[in-house]
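Everything numeric here is computed off the predicted structure, so don't read it as measured data. Numbers restart at 1 for each chain; the letters A, B, ... are given by sequence-line order, proteins then strands.
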There are 2 protein chains.
Amino acid sequence: MGVLDIPQNYDASRYDRPSVTVDVVVLSLVDDDLKVLLIRRKGAPYAGMWAIPGGFVQIDESLEAAAARELAEETGVTDVYIEQLYTFGDPGRDPRTRVITVAYFALVPADALQVARPGDDAAAAQWFSMFDLPPLAFDHHEILTYALTRLRYKLEYTMVGFQLLPDEFTLSELQRAYETILGEALDKRNFRRKILSAAIIEETGHKRQEGEGRPAMLYRYRENAVAEVKTRRLFP
Amino acid sequence: MGVLDIPQNYDASRYDRPSVTVDVVVLSLVDDDLKVLLIRRKGAPYAGMWAIPGGFVQIDESLEAAAARELAEETGVTDVYIEQLYTFGDPGRDPRTRVITVAYFALVPADALQVARPGDDAAAAQWFSMFDLPPLAFDHHEILTYALTRLRYKLEYTMVGFQLLPDEFTLSELQRAYETILGEALDKRNFRRKILSAAIIEETGHKRQEGEGRPAMLYRYRENAVAEVKTRRLFP
DNA sequence: TAAATAGTGTCTCTTAGACAATATTAT
DNA sequence: ATAATATTGTCTAAGAGACACTATTTA
């Protein structure tokens, strides 16, 4: 039974095979809101509805490479945080044929997007608030719900939140990012104490002044910090 | 580009499609050791080596159903804890053709296995200690490593450990299960305090006496407890 | 000087972790 | 009585959470 016991001269093409795609949930923080990149569908099914960008896995391409390729096609961005989310494969999730999709999520700092050239079909791509989504094609609402749950969860015990900020940021910006994603207010002093005691960021030495108010110290993410911090939850 | 923008009259068979399988990491606690069920491969590639049981996803079958089916075929067991682990899809992980596998892991109480009828190819199936594995086919060593990491991780903040015990168990048995999987000794008083304060188990009212020593109170898992406990780590 | 934002310290309560003696059974 | 296993409580240290005022800048 199973792939492991197939006679060695089997012909794989004899079997009905599902299509395999990757879908990439591209998240970014813009205007203190968590945004997701969606694509407007042109054709049936679900014509006119919005969908998570994705595409077929090429036959000689790893899943991670396929996800990175889709991300680059849609946003022009490379070298950002991307992780496998879950594989969705219910029969009937695509009315045309059996499609199994390996969902990924990517965290893209807003400043990286300004640099990025728009993808080929940029006209059809648009950012939506994760907290105010349009009707979505396929099971994509379920995928986004899953992505938000996972992001919140990871935020509690890893440093993944930094991936959504520019290289240098203030503690207030970092706190706003956490508050936006978690959907709750955090105490300023407790937040700072925890972040600083975790030793995952360091001062850059210079300050940012824009608009009114006292200038804020800029911090940067310590590259080596990730592994050290994964052991303890930041917000239990 | 991608699956979402395919013209509606496209023919899916034009595309090269990978094969999709599910592999099920079946874990059980036997003789105070964490065991995994492996299958001896008869044919090439990797003939004679051991492999995680798995098989093709049928065209009209959900991934979960495929995993449950494979589990039932190998062990005769149904209605046990099973969860999606990760999807492995590197080109070349199977030398014959492109195979993407959605890995699941299942937790089977040892007493459920006694009841279970052996699968058709039971002769080729065997339990191995997760801490003393034979050479494995494909990338299956990586999959098992991933499964152990995930199990240990889940043990820290969910009640998943109960899935490996019979319906009624003593606190000493539960502690031994945790120690076996985590690979470290736990303090008896602290363990009991934490487990009992989490209110996830309840006394059955009767005791077990086998062999020497004072009889131990039997506990059972409170069915409703899962959701309540997921919020806080048990062993930070 | 008013408005806006940044930055800082203490107290209390809960929890984690270290640690040892008594209770109940079979042999 | 002895061996084996089960059961129970306290102290200490660290961390979480609640809470309010001062500092620095621009307009």
Side-chain angles (χ1 to χ4, degrees), chain A residues 31-32 152 155-159 165-166 168-180 182-220 228-236, chain B residues 31-32 155-158 165-166 168-180 182-220 228-236:
Chain A
D31 299 332
D32 287 335
R152 283 176 167 168
L155 219 55
E156 287 176 347
Y157 66 96
T158 72
M159 279 298 86
L165 293 176
E168 299 193 349
F169 50 86
T170 70
L171 289 180
S172 295
E173 290 166 348
L174 182 61
Q175 184 176 346
R176 271 200 300 278
Y178 274 77
E179 289 176 333
T180 298
L182 296 176
E184 61 182 330
L186 300 172
D187 180 84
K188 190 198 293 193
R189 284 161 295 187
N190 293 342
F191 179 83
R192 285 166 185 244
R193 190 209 313 147
K194 272 188 267 192
I195 293 288
L196 293 175
S197 71
I200 39 199
I201 61 176
E202 59 188 5
E203 296 186 357
T204 63
H206 47 281
K207 302 185 178 203
R208 167 181 303 167
Q209 177 58 21
E210 48 185 26
E212 311 167 301
R214 176 172 169 176
M217 177 64 70
L218 283 164
Y219 289 81
R220 79 169 69 88
E228 305 167 23
V229 182
K230 279 206 172 174
T231 43
R232 186 153 212 111
R233 285 177 75 157
L234 264 48
F235 302 96
Chain B
D31 299 333
D32 287 335
L155 220 55
E156 288 176 347
Y157 65 95
T158 73
L165 293 177
E168 299 193 349
F169 50 87
T170 70
L171 289 179
S172 294
E173 289 166 349
L174 182 62
Q175 183 175 348
R176 270 200 300 278
Y178 274 77
E179 288 176 333
T180 298
L182 296 176
E184 61 182 332
L186 301 172
D187 180 84
K188 191 197 292 194
R189 284 161 295 186
N190 293 342
F191 179 83
R192 286 169 183 242
R193 189 207 317 145
K194 272 188 267 192
I195 294 287
L196 293 176
S197 70
I200 40 198
I201 61 177
E202 59 189 7
E203 296 187 358
T204 63
H206 47 281
K207 303 186 177 204
R208 167 181 302 165
Q209 178 58 22
E210 48 184 29
E212 312 166 303
R214 175 173 170 176
M217 177 64 70
L218 282 166
Y219 289 80
R220 80 169 69 87
E228 306 167 23
V229 182
K230 280 205 172 173
T231 45
R232 186 151 212 111
R233 285 177 74 158
L234 265 48
F235 301 96

The criterion is side-chain contact (heavy atoms from CB on, under 4.5 Å); which residues satisfy it with B:Ala216, sequence neighbours excluded? B:Thr170
Could you say whether B:Asp187 or B:Glu173 is positioned toward the 5' end of DNA chain D, judged by the nucleotide with the nearest heavy atom to each? B:Glu173
Non-hydrogen atoms of A:Leu218 and A:Lys207 that approach each other most closely: CD1-C, 4.0 Å
Can you check the A:Tyr219 OH to C:dA6 P distance for me, whole Å? 12 Å
Minimum-distance nucleotide (side-chain atoms of B:Lys194 versus D:dA6, C:dA16, D:dG9): C:dA16
Going by side-chain contact (heavy atoms from CB on, under 4.5 Å), name the residues that satisfy it together with A:Glu212, two or more places apart in sequence or in a different chain. none
Hits for side-chain hydrogen bond (donor to acceptor under 3.5 Å, both in side chains) against B:Arg214, two or more places apart or cross-chain, chain-then-number order -> none
Using the ring-ring contact (aromatic ring centres under 6.0 Å, His included) criterion, which residues pair with A:Tyr219? Sequence neighbours excluded. none
Can you list the residues that meet the side-chain hydrogen bond (donor to acceptor under 3.5 Å, both in side chains) rule with A:Arg176, with sequence neighbours excluded? A:Asp32
Closer than 3.5 angstrom, by distance alone: can the side chain of B:Gln209 be matched with the main-chain N or O of B:Gly211 as a donor-acceptor pair? yes
Could you give the CZ-to-C1' distance, from B:Arg192 to C:dG17, as a whole number of Å? 17 Å
A:Ile201 atom CD1 is separated from C:dG7 atom C1', nearest whole Å, by 14 Å
Presence of donor-acceptor pair under 3.5 Å, side chain of A:Arg189 and base of D:dA20: yes
Rounded distance (Å) that lies between atom P of D:dA18 and atom CZ of A:Phe191: 16 Å
Between D:dG9 (C1') and B:Leu196 (CG): distance, integer Å: 14 Å
Atom CD of B:Gln175 to atom P of D:dT7: distance rounded to whole Å? 11 Å
So does B:Ser172 get a side-chain nitrogen or oxygen closer than 4.0 Å to the phosphate oxygens (OP1/OP2) of D:dT5? no
What is the distance from CZ of A:Phe169 to P of C:dA6, rounded to the nearest Å? 14 Å
At under 4.0 Å between heavy atoms, which parts of nucleotides 22-27 of chain D does protein reach? Answer with one letter per nucleotide, 5' to 3': B base, S sugar-phosphate only, - none. -BBBS-
Counting side-chain heavy atoms from CB outward, which of C:dA16, C:dT8, D:dA6 is closest to B:Arg193? C:dA16
Without decimals, in angstroms, what is the distance between A:Ile195 CD1 and D:dA16 P? 11 Å
